[in-house]
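Remarks on the structure that follows.
What you are looking at is a predicted structure, and each value in this text was computed from that prediction instead of being measured.
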Amino acid sequence: MAEFKKGRFVEEYEPIGWDGKTVLEMLEESERLFEESGHYCGVEELSLMKEDPIRYEKIFAKLRGGLVNARETAMNVSASPIVQEIGELCFALYTPEGDSVALSTGIIVHVHTMSDAIKFMVRNDYEENPRISPGDIFSNNIPKLGDVHNADVQTLIPIFWEDELVGWAGGVTHVTDIGASTPGNVPVGPISSYEDGLDLTANKIGENDVVYRDHQIRCELGVRTPMFWKLDERCRIAGCHMIRDAVERTIAEEGIDTYKQFIREAIEEGRRTFIQRVKELMIPGTYFAPAFMDIPLKGEMGLPEYAAIDSVCHAPLELTVGSNGEFHISFDGANKWGYHSFNCPPSAMQGAIWVLLTQTMIPNDKVNDGAYFATSSEFPEYSLCNPVEKEAATGAAWGYLIPAFTGLIRSISRGVYARGYVEEVLSSYAMTMNALQGGGKDQYGNDTGMLSFEISCVGGGARGICDGLDYGAAMWNPEGDMGDMEVWELIMPLLYMGRSVKPCTGGLGKYRGGSGFQSVYAIWKTTDVVMQNAGNGNSFPSAGLFGGYPGACGYRHNVLKADLLERFRKHEPYPSREDDPADSEITKFCKGEHLFDGRTLNYPYRMEHGDIYYSYYRGGGGLGDPLERDPELIEHDLEGNFILPRYLEKVCGAKLVKDNGSYKVDVAATEQRRAEMRDERAKRAVPVKEFLKAEQRRVKNSELDPILKKMYNSSFELSERWGKYFKEFWDLPAAFQFEETV
Ligand code: MN
């Protein structure tokens, strides 16, 4: 029987929620109960946990084990090195309403983004149309619905017990190409959402565990690397089915009522634990930690005039910690979204909060959406972190997200330091840049879109008690890895000339930021390829802490029409690294058209067999005064080629002596030099009041870079509150605007 409902005929159906409710009714009830009681789903007593703690932990371990097992097994179904080598995938289990219960390892930034995608389906009443049935498969990649950027493709599968929806299994992989206007998977090319590539808008893509053929055809035609796409999709589906099996096994063993009670309690426990941790670890108060990132696109060929401009992203992170464990993150004052692919929707921002909190505040507890329910956040509409405009491109949303959240790490560090947890203190992580990206034809003559996921292995921030981790991981994937060179060579038309430590990437300090590394490539055996660089070159988003230096920004050094092949024939030296750009090995050992400049972000341009592409990966921020750096650590810097000698002398006051061809620190001379440097500092120093006055004059006279004036005016426009704060601080009239000169 069809009934007339919502303006059309709808066939009668049995609700799939609990106790005769629809899933939408369940979600609304869950939100109402949280609002009223402050507890997840109104759960005030953790009775299962209290009455049978061993059983409770066993259930969690079974589910968590099922998720990790699903990931470890399913990643072998994929053929993409981004998934297989780097582990750029993760799986999670959700409640029927879309709240995460437990998750696997991997790129866990996505646990919350998939939650948003499930809630999007529930809120749009997918239960009624297109229906949610056992065996259905859904897929999403739209950040505005719930994702970070478009290349992160999600598979979502409903899990039923008898006739009731008991949850969702979700899996995400970062695909090699998404069919955007420029090739690759973090496309810095789209200037509107209509150029972001293939759109999977939380679509039903299969039923009875089988993917629809029309979906497969659409994807095959829509992306540049259909083989990787297809296997990635199978990997996600296989993992989700393994999770479904694990849940069904658990319910069969424990009973459905226990399972239902468990998933509610696990999230409420996660929420309580988070609040407890905030109280234990942080000093209440407001922490300010802004970050900035440059988007230099002025003069870029191939872009319309309104998009070919230089701009700077403003990420004025403000963390407020309350005495009852409140944890509020605000980006009020962020500037306006723009015609580039760095716009970052709230779902992505939430994902970032989530992944960073699990690495800092709650590394050992039950990690699930409990932490989400314990925190609150603010992303102003129309800003870079809430680009509500449908047109805003999101293909490289990471370009705002990664720099923006260095401020969260610095804020947490200040809070835990104030409580005395020195060993928990971290400086800013490194930018996961340069993104080596390109596309065209690979060495086999097939279409390709590529990005070297070496980027998932950059320097960690300096710690409160030691140097940061060298080329360790990425802020978005704590298990990131650089992958084997041979594997990248297999799939990309590139040949490694060398891969080594890149000196001076980690910021100096009493403790140094973790180092980045460098790769020199030859473009190899392709007849048709375009390449691009994507990274920061004019800003320092990885700020240091407590006097530490920031992680280095980047530059570009690629060579077109290079004489490499001729050098090979003549057995002449070729470049394998560039330790010191002031004494460049690439310049010395390669002739051609050198693109050696600060253009670290650009539109793809053509390169040829034998040309040189250089990529270096950034280092983390330093911590503490570099004049306090232990001479033993300085010797380690020299041995490992982490810092060039002249910077150790200039920044750390080290006196170096050559000993058997290598450098040693003359400790006594260093102490003397440091005393002199401290005297020089004291002579230069002025009282803070005077310093602020001088700065105030600069601000009042608009003596800022024209790009920054535009940035601040845009922030004033979007937030009166933030504008007031800024203008009061600098003693400016309420109606103040910077005079724009560009
Ligand atoms: Mn991704």
Let me see the working for T258 and R55 under side-chain contact (heavy atoms from CB on, under 4.5 Å), right down to the final yes or no. CA-CA 10 Å; T258 305; R55 184 179 179 202; 3.3 Å; yes
Pair T432, I402 - check side-chain contact (heavy atoms from CB on, under 4.5 Å), show working. CA-CA 8 Å; T432 42; I402 299 168; 3.0 Å; yes
Does the side-chain contact (heavy atoms from CB on, under 4.5 Å) test come out yes or no for R131 and I16, once each step is laid out? CA-CA 10 Å; R131 293 289 163 86; I16 57 170; over 6 Å; no
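Contact between P134 and F160 at its shortest, heavy atoms only, is N-CE1, 3.4 Å. The shortest heavy-atom contact between K390 and K144 is O-NZ, 3.0 Å. Of all heavy-atom pairs between S80 and S78, the closest is N-OG, 3.1 Å. Considering every non-hydrogen atom in both V83 and C235, the closest pair reads CG1-SG, 4.4 Å.
Once rounded to the nearest 0.5 Å, the distance linking CD of Q276 with CG of L281 reads 10.0 Å. Between the CG atom in L145 and the CG atom in N124 there is a gap of 8.5 Å [rounded to 0.5 Å]. Between the CD1 atom of I251 and the CD atom of E162 there is a distance of 9.5 Å, given to the nearest 0.5 Å. Of the inter-residue distances, the one linking D116 atom CG with N140 atom CG reads 9.5 Å to the nearest 0.5 angstrom. Distance check, rounded to the nearest 0.5 Å: CD of E265 to CG of L48 gives 5.0 Å. To the nearest 0.5 Å, atom OG of residue S115 and atom CG of residue L103 are 12.0 Å apart.
In this model, no donor atom of one side chain and acceptor atom of the other lie less than 3.5 Å apart for Q154 and N141. A donor and an acceptor atom, one from each side chain of T155 and R236, are located under 3.5 Å apart. Side-chain contact of S47 with Q261: a donor-acceptor pair under 3.5 Å is present, judged by distance alone. A side-chain donor from one of N203 and T201 sits under 3.5 Å from a side-chain acceptor of the other. In summary, the side chains of E220 and Q216 do not present any donor paired with an acceptor at a separation below 3.5 Å, with no hydrogens or angles considered. The closest side-chain donor-acceptor pair between E318 and H328, if any, does not fall under 3.5 angstrom. A donor and an acceptor atom, one from each side chain of S347 and T113, are nowhere located under 3.5 Å apart.
Residues that satisfy the side chain to side chain contact (heavy atoms under 4.5 Å, CB included) test with D209, not counting sequence neighbours, are H241, R244. Listed by chain and number, the residues in a side-chain hydrogen bond (donor to acceptor under 3.5 Å, both in side chains) with S456 amount to none (sequence neighbours excluded). Checked against salt bridge (Lys or Arg N to Asp or Glu O under 4.0 Å), D136 has the following partners two or more places apart in sequence or in another chain: K204. For T320, there are no side-chain hydrogen bond (donor to acceptor under 3.5 Å, both in side chains) partners, not counting sequence neighbours. In this structure R32 satisfies the salt bridge (Lys or Arg N to Asp or Glu O under 4.0 Å) test together with E36, sequence neighbours excluded. A search for salt bridge (Lys or Arg N to Asp or Glu O under 4.0 Å) contacts involving E29 returns K21, not counting sequence neighbours. Judged as a side chain to side chain contact (heavy atoms under 4.5 Å, CB included), and not counting sequence neighbours, the contacts of C457 are Y471, M482, F517. Applying the side chain to side chain contact (heavy atoms under 4.5 Å, CB included) criterion to A79, with sequence neighbours excluded, gives M227, F228, L231. H112 meets the ring pair (Phe, Tyr, Trp, His ring centres under 6.0 Å) test with Y372; sequence neighbours excluded. By the side chain to side chain contact (heavy atoms under 4.5 Å, CB included) test, L356 pairs with F405, L408, I409, Y429, M475, sequence neighbours left out. S133 is linked by a side-chain hydrogen bond (donor to acceptor under 3.5 Å, both in side chains) to nothing, counting only residues two or more places apart in sequence or in another chain.
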Side-chain polar contacts of residues 89-97 - donor-acceptor pairs under 3.5 angstrom, sequence neighbours left out - could you list them?
{"from": "Y94", "atom 1": "OH", "to": "V111", "atom 2": "O", "distance (Å)": "2.6"}
{"from": "T95", "atom 1": "OG1", "to": "E97", "atom 2": "N", "distance (Å)": "3.3"}
{"from": "T95", "atom 1": "OG1", "to": "E97", "atom 2": "OE1", "distance (Å)": "2.8"}
{"from": "T95", "atom 1": "OG1", "to": "G98", "atom 2": "N", "distance (Å)": "3.3"}
{"from": "T95", "atom 1": "OG1", "to": "D99", "atom 2": "N", "distance (Å)": "3.0"}
{"from": "E97", "atom 1": "OE1", "to": "R264", "atom 2": "NH1", "distance (Å)": "3.4"}
{"from": "E97", "atom 1": "OE2", "to": "R264", "atom 2": "NH2", "distance (Å)": "2.7"}

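When atom types are taken as modelled, the side chain of S383 and the backbone of C385 share a donor-acceptor pair closer than 3.5 angstrom. No donor-acceptor pair under 3.5 Å is formed between the side chain of E127 and the backbone N or O of T22. Listed for the N185 side chain is a donor-acceptor partner under 3.5 Å among the backbone atoms of T176. With hydrogens and angles disregarded, a donor-acceptor distance shorter than 3.5 Å links the side chain of N386 to the backbone of F379. Checking side-chain atoms of T406 against main-chain N and O of P403 turns up a donor-acceptor pair under 3.5 Å. A donor-acceptor distance shorter than 3.5 angstrom exists from the side chain of S37 to the backbone of L33, with no hydrogens or angles considered. A donor-acceptor pair is defined here as one N or O able to donate and one able to accept, closer than 3.5 Å; no such pair exists between the side chain of N129 and the backbone of D125. H149 places no side-chain N or O within 3.5 Å of a backbone atom of A397 that could act as its donor or acceptor partner. Using a distance-only test at 3.5 Å, with no hydrogens or angles considered, no donor-acceptor pair links the side chain of N343 to the main chain of P387. No donor-acceptor pair closer than 3.5 Å links the side chain of E479 to the backbone N or O of T105.
Using a 4.5 Å heavy-atom cutoff, the side chains of W476 and H110 are not in contact. For the pair Y126 and V23, the minimum side-chain heavy-atom distance is 4.5 Å or more.
Taking the six-membered ring for Trp and thresholds of 30 and 60 degrees, F373 and F34 have ring planes more than 60 degrees apart, a perpendicular arrangement. Classification of the F327-F274 ring pair by plane angle, with boundaries at 30° and 60°, yields perpendicular.
A salt bridge links E268 to R271: at least one charged side-chain nitrogen sits closer than 4.0 Å to a carboxylate oxygen. Salt-bridge formation is detected for the pair E31/R123: a Lys NZ or Arg NE/NH1/NH2 atom is positioned less than 4.0 Å from an Asp or Glu carboxylate oxygen. Classification of E326 and K279 as a salt-bridged pair fails, no side-chain N sitting under 4.0 Å from a carboxylate O. The pair E253-K62 meets the salt-bridge criterion, since a charged nitrogen lies less than 4.0 angstrom from a carboxylate oxygen. Taking a cutoff of 4.0 Å between a charged side-chain nitrogen and a carboxylate oxygen, R272 and E269 do not qualify as a salt bridge.
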